[in-house]
Q: 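The structure under discussion is supplied below as structure tokens; questions concerning it will follow.
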Amino acid sequence: SAVISQKPSRDICQRGTSLTIQCQVDSQVTMMFWYRQQPGQSLTLIATANQGSEATYESGFVIDKFPISRPNLTFSTLTVSNMSPEDSSIYLCSVFAGLGEQYFGPGTRLTVT
Amino acid sequence: AQKVTQAQTEISVVEKEDVTLDCVYETRDTTYYLFWYKQPPSGELVFLIRRNSFDEQNEISGRYSWNFQKSTSSFNFTITASQVVDSAVYFCALTLYGGSQGNLIFGKGTKLSVKP
């Protein structure tokens, strides 16, 4: 298994500002993923972050809005830029731990006012 | 394209009842993984089980059991003798084996309420 931590756990932000979310894993992993869960909805993949290469974004998500860093095999950040109330969601970091197992961090609850 | 359907939006049971959560998936690929996750009110996503497409054996873990049937593309989850602590949203998910691993396609979730 993998133990994943995220910071911050929650935040309330003003419209037009940016928030950077950190994800730390207790072991080295090749692939890290960022998901979004809008209120009352299911989870949607934002992007895949591999160390040493640019993140790969899913349809509907762009790098200017959600820049991602992956400086090493245990850490990644997701920035939510120029926020609007529609960005209010839970953002979850996830890792693929091999053998088909996939784990999620505790999530960051973001409220944009 | 892949799709996961959880037709039950909400289920309410009384403690000690058995409850089955349905999951139907669609994919043209022959190699894939299926998952169940639990999301309690606190929000974290708890991994429950992963099953690969080559393994149709049913699995039991304590009060939890899973029935995987490729013939009907279903991966149903049963909680026996439900408890209040089982109250949560349960998600079924699918990912393909290989390069797309990690890109989980989630169902919309089933909210389970277990009343004392």
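Fair warning: this is a prediction, and the values are worked out from it, not measured in the lab. Proteins come first, then strands; the chains are lettered A, B, ... in the order of their sequence lines, and each starts at number 1.
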Q: Is the shortest side-chain heavy-atom distance between A:Phe104 and B:Glu44 below 4.5 Å?
A: no
Q: With the 4.5 Å side-chain cut-off for hydrophobic clustering, are A:Leu92 and A:Met83 part of the same group?
A: no
Q: Step through the shown structure and confirm whether more than 12 heavy atoms of other residues, nucleotides or ligands are within 6.0 Å of NZ on A:Lys7.
A: no
Q: Around atom CZ of A:Arg10, are there more than 12 heavy atoms of other residues, nucleotides or ligands at under 6.0 Å?
A: no
Q: Consider only side-chain heavy atoms of I, L, V, M, F, W and Y, link residues closer than 4.5 Å, and tell whether B:Trp36 and B:Val13 are in one cluster.
A: yes
Q: How close do A:Gln37 and B:Phe91 get, counting heavy atoms only, and between which atoms?
A: NE2-CZ, 3.5 Å
Q: Heavy-atom distances under 4.5 Å only: say whether A:Glu58 touches chain B with side chain, backbone, both or neither.
A: side chain
Q: Is A:Leu45 close to chain B through its backbone or its side chain, or both, or neither, when contacts mean heavy atoms under 4.5 Å?
A: side chain
Q: Should B:Val114 and B:Tyr64 be regarded as members of a common hydrophobic cluster, given that ILVMFWY residues are connected when their side-chain heavy atoms come within less than 4.5 Å of each other, either directly or indirectly?
A: yes
Q: For residues B:Gly107 and A:Ser42, report the shortest heavy-atom separation together with the two atoms involved.
A: O-OG, 2.5 Å
Q: What part of B:Gln39 gets within 4.5 angstrom of chain A, counting heavy atoms only: side chain, backbone, both, or neither?
A: side chain
Q: Could you tell me which of B:Arg51, B:Lys111, B:Lys108 has the largest number of non-hydrogen atom pairs under 4.5 Å with chain A?
A: B:Lys108
Q: Is there a chain of hydrophobic side chains (I, L, V, M, F, W, Y, each step under 4.5 Å between heavy atoms) that links A:Trp34 to A:Met31?
A: no
Q: Mind listing the closest non-hydrogen atom pair of A:Tyr35 and B:Leu104 along with its distance?
A: OH-N, 2.8 Å
Q: How long is the span from the CD1 atom in B:Ile105 to the OG1 atom in A:Thr44, to the nearest 0.5 Å?
A: 9.0 Å
Q: Could you check which of A:Gly40, A:Gly105, A:Gly107, A:Pro106 has the highest count of heavy-atom pairs closer than 4.5 Å to chain B?
A: A:Pro106
Q: Crowded around B:Glu15 CD? As in, over 12 foreign heavy atoms under 6.0 Å?
A: yes
Q: Give a yes or no on whether A:Tyr91 and A:Ile68 share a hydrophobic cluster (residues Ile, Leu, Val, Met, Phe, Trp, Tyr; joining criterion: side-chain heavy atoms under 4.5 Å apart).
A: yes
Q: Relative to each other, are the rings of B:Phe47 and A:Tyr103 parallel, tilted or perpendicular (30° and 60° limits)?
A: tilted
